[in-house]
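Residue numbers run from 1 in the order of the sequence given.
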Amino acid sequence: MSSGVKQMGSQKFESGHQDVVHDVTMDYYGKRIATCSADRTIKLFGLNASDTPTLLASLTGHEGPVWQVAWAHPKFGSILASCSYDRRVIIWQEGQQENAWSQLQVFKEHEASVNSVSWAPHELGLCLACGSSDGSITVFTRREDESWDKTKIDQAHQVGVTAVSWAPASAPGSLVGQPSDPIQKLVSGGCDNTAKVWKFYNGSWKLDCFPPLQMHTDWVRDVAWAPNLGLPKSTIASCSQDGKVAIWTQGKEGDKWEGKILNDFKTPVWRVSWSLTGNILAVADGNNNVTLWKEAVDGEWNQVKELFLWFEAISQGMVSED
């Protein structure tokens with residue numbers, strides 16, 4: 001497993017973690033990186049164009065391996081969410097003094113490992129979805145008085161939720177401007193080998209895909225809903241322990257989701273992530289490779305670049321193995 005040395009393009013740096021690094025994520029402006037590890041800590045690094053990333057802070061508070069970290073939109077300040085095998089989600093906030101972080105909120109709503117956290121589009125407010133091995137998804141939304149509302153999807157995936165990702169707040173094809181009625185949807189992946197789309201209306205979350213999205217034959221390890229700015233359709237990527245990445249598309253609201261296999265990597269695929277424009281997909285697999293894929297005019301997906309990264313944080317164990 002990883003020794004704690006991470007590579008950023010052609011640049012390596014020592015993370016300082018004492019065990020496997022499970023997630024690495026960059027903030028909105030690309031100025032800071034957050035890492036989390038089986039050593040129960042979260043580390044924050046500052047990025048400089050020419051210098052090695054500098055350790056800014058080390059956050060402690062979890063009592064088990066930390067699986068994932070996620071930055072909130074900067075309109076809410078410097079806020080980071082983390083989830084852990086200890087069943088907890090912690091919201092961290094940077095204080096007025098730079099690099100002085102504290103626990104803003106600790107959620108203890110789940111009965112098993114919390115494997116994934118994802119912030120909603122900023123148009124929906126400060127809103128966090130959490131997926132757990134107990135099979136449920138919890139969505140926390142901060143109110144104006146700084147208390148938190150909670151909604152829950154019980155038995156979203158009965159044998160465990162591995163990943164959650166929010167839909168864009170605007171409908172496909174939207175170009176500019178803030179939507180007057182933001183869309184509240186998310187996609188989840190689970191140990192039942194499926195991905196599921198959920199929509200919030202009339203005060204609760206409802207399944208919004210019939211049947212669930214199923215092309216995988218093993219656990220779905222990650223899901224990612226693509227940005228759709230100017231694009232005429234909704235697109236979701238899912239990846240699995242079975243080695244395959246699937247691309248799901250929906251033409252308009254209410255249409256059936258259509259799926260196709262992007263590629264069979266012949267090794268477990270741990271993570272999928274879209275570019276900001278929603279037209280390039282990064283795939284991290286169990287051979288420590290990250291590949292980039294783009295859809296051609298004929299609808300076929302082609303590899304556009306390959307990055308050989310000694311980056312086990314992404315290609316090994318991004319989600320709980322339990």
Inset, instruction - Applying side-chain contact (heavy atoms from CB on, under 4.5 Å), run through Asp285 and Arg271 and close with a yes or a no. - result: CA-CA 7 Å; Asp285 66 44; Arg271 178 58 62 89; over 6 Å; no

Legend entry - Close aromatic pair by centroid cut-off 6.0 Å: Trp257 and Trp225: yes

Legend entry - Donor-acceptor side-chain pairing of Asn193 and His216 below 3.5 angstrom: no

Legend entry - Nearest-0.5 Å distance, OG of residue Ser238 to CG of residue Leu213: 7.5 Å

Inset, instruction - Measure across Val117 and Cys83 and return the closest heavy-atom pair with its distance rounded to 0.1 Å. - result: CG1-CB, 3.7 Å

Inset, instruction - Please round to the nearest 0.5 Å and tell me the distance separating atom OG1 of Thr35 and atom CG of Leu44. - result: 7.5 Å

Legend entry - Distance, nearest 0.5 Å, that separates CG of Asp264 from CG of Asp242: 7.0 Å

Legend entry - Check ion pair Lys150-Glu109 (N to O, under 4.0 angstrom): yes

Inset, instruction - Supply the atom-to-atom distance Arg40 CZ to Asp86 CG, rounded to the nearest 0.5 angstrom. - result: 8.5 Å

Inset, instruction - Please say which of Ser82, Ser113, Ser116 ends up in a side-chain hydrogen bond (donor to acceptor under 3.5 Å, both in side chains) with Trp67. - result: Ser113

Legend entry - Worked check of side-chain contact (heavy atoms from CB on, under 4.5 Å) between Thr235 and Trp248: CA-CA 6 Å; Thr235 305; Trp248 305 90; over 6 Å; no

Legend entry - Pairwise side-chain contact, Tyr28 with His73, heavy-atom cut-off 4.5 Å (strictly under): yes

Inset, instruction - Using a 4.5 Å cut-off on heavy atoms from C-beta on, say whether the side chain of Val139 contacts that of Leu186. - result: yes

Inset, instruction - For Trp219 and Thr162, test the side chains for any donor-to-acceptor distance below 3.5 angstrom and give the result as yes or no. - result: no

Inset, instruction - Would you mind reporting whether Lys199 and Lys206 have side-chain heavy atoms less than 4.5 Å apart? - result: no

Legend entry - Test: Lys233 and Glu295 ion pair at under 4.0 Å: yes

Inset, instruction - Would you please say whether a donor-acceptor pair under 3.5 Å links the side chains of Ser37 and His22? - result: no

Inset, instruction - For the residue pair Val24 and Ile33, establish whether any side-chain heavy-atom pair is separated by less than 4.5 Å. - result: yes

Legend entry - Reference residue Leu281; test side-chain contact (heavy atoms from CB on, under 4.5 Å); the match among Thr291, Leu292, Leu262: Leu262

Inset, instruction - State which residues pass side chain to side chain donor-acceptor pair (under 3.5 Å) with Thr60; sequence neighbours excluded, sorted by chain then number. - result: none

Legend entry - Side-chain touch Trp301/Ile247, heavy atoms, less than 4.5 angstrom: yes

Legend entry - Trp198 side chain near Leu207 side chain, heavy-atom distance below 4.5 Å: yes

Legend entry - Any side-chain donor near an acceptor of the partner, Asn115 and Ser133, under 3.5 Å: yes

Legend entry - Full working for ring pair (Phe, Tyr, Trp, His ring centres under 6.0 Å) between His122 and Phe76: CA-CA 9 Å; His122 66 86; Phe76 304 109; 7.4 Å; no

Inset, instruction - List the steps, then state whether ring pair (Phe, Tyr, Trp, His ring centres under 6.0 Å) holds for Trp205 with Phe200. - result: CA-CA 4 Å; Trp205 289 94; Phe200 186 76; 5.2 Å; yes

Legend entry - CA sep, side-chain torsions, deciding dist, call: Ser188, Val223, side-chain contact (heavy atoms from CB on, under 4.5 Å): CA-CA 7 Å; Ser188 61; Val223 288; 5.6 Å; no

Inset, instruction - Flag yes if Val89 and Tyr85 sit in one hydrophobic cluster, no otherwise; membership is Ile, Leu, Val, Met, Phe, Trp, Tyr, and two members link when side-chain heavy atoms are under 4.5 Å apart. - result: no

Inset, instruction - Might you point out which heavy atoms bring His62 and Ser84 nearest each other, and give the distance in Å? - result: ND1-CB, 3.2 Å

Legend entry - Mutual orientation of the aromatic rings belonging to Trp101 and Trp71 [parallel < 30°, tilted 30-60°, perpendicular > 60°]: perpendicular

